[in-house]
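Working notes, structure below.
Counting starts at 1 for both ligands and their atoms, following the listed order. Heavy atoms only: backbone and side chains are in, while hydrogens, waters and symmetry mates are out. All residue numbers refer to positions in the sequence shown, counting from 1.
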Amino acid sequence: MPILVMKFGGTSVATLDRIRRAAKRVGVEVAKGYDVIVIVSAMSGKTNELVGWVGETSPLYDAREYDAVVSSGENVTAGLMALTLQEMDVPARSWQGWQVPVQTTSAHSAARIEDIPPQNINAKFAEGMKVAVVAGFQGVSPEGRITTLGRGGSDTTAVAFAAAFEAERCDIYTDVDGVYTTDPRVSAKARKLDKIAFEEMLELASLGAKVLQTRSVELAMRYKVKLRVLSSFEEQSDDAGTLVCDEEEIMESNVVAGVAFSRDEAKMTLVSVADRPGIAAAIFGALSDGGVNVDMIVQNISEEGRTDMTWSCPVDQVARAEKAMAEAKADGTINFHDLIADKDVAKVSVVGIGMRSHTGVAAKMFDVLSNEGINIQVITTSEIKISVLINRKYMELAVQALHDAFELDKAA
Ligand code: ASP
Ligand code: MG
């Protein structure tokens, strides 16, 4: 039998009614002849509640017990989904991560999946089971302890199962009906994409489009798992939602696929550091040790052997960065005059694989921003992305203007 993976996110299993609705969709696919692996998240809000309980009980908690607690939300939905399917006369059973087993590293709360041996589940399919309901987000470490994969990890569970079982497709049911050219709350002209290439989705996911966990897209790209994002709240046809796929499967696409943004950025500048070999390693090593996720980096031209180093990072990590730099200054690793933090910036990016073969995208982007009177503070580019840092109060305006200028409301 062909295998289909169907993943239901927290809002899609938030109540018993919604679990029934999701189970009906599973029933439709079983009726088409699929063996189905259903991956479930915890009911929406549940994981946050569990995380809160852990913090309240033990501020400096043991990460192994954190995982034991926060993984439990998925166990509840897996059992309830299996029961609901059984009530519909669909042969189903639930599996917790360790039962499959989903073998992960020991990095508690941020474990990576190492292997998913398919034998146990396949044996049950061979006996007539039609649906394996698997608790997402969790696995088991080599030490035999329960692990979790990081917030949003059920997406990664779903893709990993699709790869391990060579599923025909991995359908991610969520509360939006697909991937949009930009956030519809920011531009009313945002358009749902029928297809998007893995690499574009990867950029959009890591730039803050919250539909899929970034790691799940990386995994899908590596194993060429066809991913479909669709809504569990609408009646679905076979081509509903957005297909995330290999670029070869996309015949025509716009040069720019989407405009992404991330609101809560900060820009930090280390003023007057010695320009010598090893200085960047010292600065960014200290930031990384201090738990700061640096994004963009700019080094100025130096004058008389000294230069300025600018980077961006999430705004809530500014204090950490300040601490790391103060410590590095105190112990003599880095010498600088000042550290300036601008907490009022946002990042806006245009993404599209078409940029590989089309010139002028950057020039057009800068032109659009200049026509709106928006000053660009930092620019970074990759093969398929251009990002700028601007004052946060212009973020919506920039997104709308770019969406208009690149005509993203129209299909290619
Ligand atoms: N329940 C977990 C979370 O809220 C995992 C997931 O839903 O993907 O992060
Ligand atoms: Mg999610």
Side-chain angles (χ1 to χ4, degrees), residues 5-15 18-19 22 37-55 61 63 65-81 94-98 100 102 104-105 107-113 116 133-140 146-163 170-180 183 196 201-202 204-220 225 227-233 241-242 244 260 262:
V5 172
M6 302 172 77
K7 183 255 171 177
F8 293 94
T11 50
S12 308
V13 292
T15 62
R18 289 192 185 172
I19 293 178
I37 299 175
V38 172
I39 309 292
V40 285
S41 287
M43 291 173 159
S44 69
K46 193 71 209 171
T47 309
N48 287 340
E49 182 182 47
L50 296 169
V51 169
W53 287 351
V54 170
Y61 52 77
E65 301 307 342
Y66 168 98
D67 279 352
V69 176
V70 304
S71 63
S72 66
E74 274 71 11
N75 297 343
V76 174
T77 37
L80 290 172
M81 176 65 80
S94 69
W95 303 76
Q96 296 184 8
W98 65 274
V100 175
V102 178
T104 73
T105 61
H108 284 276
S109 83
R112 300 185 80 86
I113 297 176
I116 303 176
V133 186
V134 178
F137 177 53
Q138 52 169 270
V140 61
I146 303 301
T147 54
T148 63
L149 309 178
R151 299 306 305 271
S154 296
D155 294 336
T156 298
T157 306
V159 173
F161 270 82
C170 179
D171 287 346
I172 307 274
Y173 284 88
T174 176
D175 50 4
V176 292
D177 61 356
V179 179
Y180 278 73
D183 188 331
I196 186 166
M201 191 62 230
L202 195 56
L204 292 176
S206 54
L207 289 169
K210 291 193 182 60
V211 240
L212 290 171
Q213 199 198 32
T214 309
R215 269 167 59 200
S216 71
V217 185
E218 274 167 16
L219 208 60
V225 170
L227 258 182
R228 194 161 65 133
V229 177
L230 68 176
S231 163
S232 60
F233 299 97
T242 300
V244 189
S262 118

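With hydrogens and angles disregarded, no donor-acceptor distance shorter than 3.5 Å links the side chain of Ser154 to the backbone of Thr157.
At least one N or O atom of Gly152, backbone or side chain, sits closer than 3.5 Å to an N or O atom of ligand 1. Ligand 1 has no N or O atom lying under 3.5 Å from any N or O atom of Asp155, backbone or side chain.
Here the heavy atom of the protein found nearest to atom 6 (C) of ligand 1 is Ser154 OG, 3.3 Å. Looking at atom 1 (N) of ligand 1, its nearest protein heavy atom turns out to be Glu74 OE2, 2.6 Å. The protein heavy-atom contact nearest to atom 4 (O) of ligand 1 is Arg151 NH2, 2.9 Å.
Close contacts of ligand 1 with Phe137, meaning ligand atoms under 4.0 Å from a residue heavy atom, involve 2 (C), 5 (C).
Using a non-hydrogen distance threshold of 4.0 Å, Gly9 does not register as a contact of ligand 1.
A donor-acceptor pair shorter than 3.5 Å cannot be found between the side chains of Thr147 and Asp67.
Val229 and Leu212 make their closest contact through CG2-CD1, 4.0 Å (heavy atoms, listed as atom of the first residue, atom of the second, distance).
Glu218 and Arg215 are not joined by a salt bridge, as no carboxylate oxygen comes within less than 4.0 angstrom of a charged side-chain nitrogen.
Under 4.0 Å from ligand 1, not a single heavy atom of Gln213 appears.
Heavy-atom contacts from other residues, nucleotides or ligands closer than 6.0 Å to CH2 of Trp95 number more than 12. Residue Arg112 places its CZ atom among 12 or fewer non-hydrogen atoms of other residues, nucleotides or ligands, all under 6.0 Å distant.
When side chains are defined from C-beta on, Val102 does not count as touching Gln138, because their heavy atoms never get closer than 4.5 Å.
The closest non-hydrogen atom to atom 7 (O) of ligand 1, taken over Ala135, Ser216, Gly150, Ser41, comes from Ser41.
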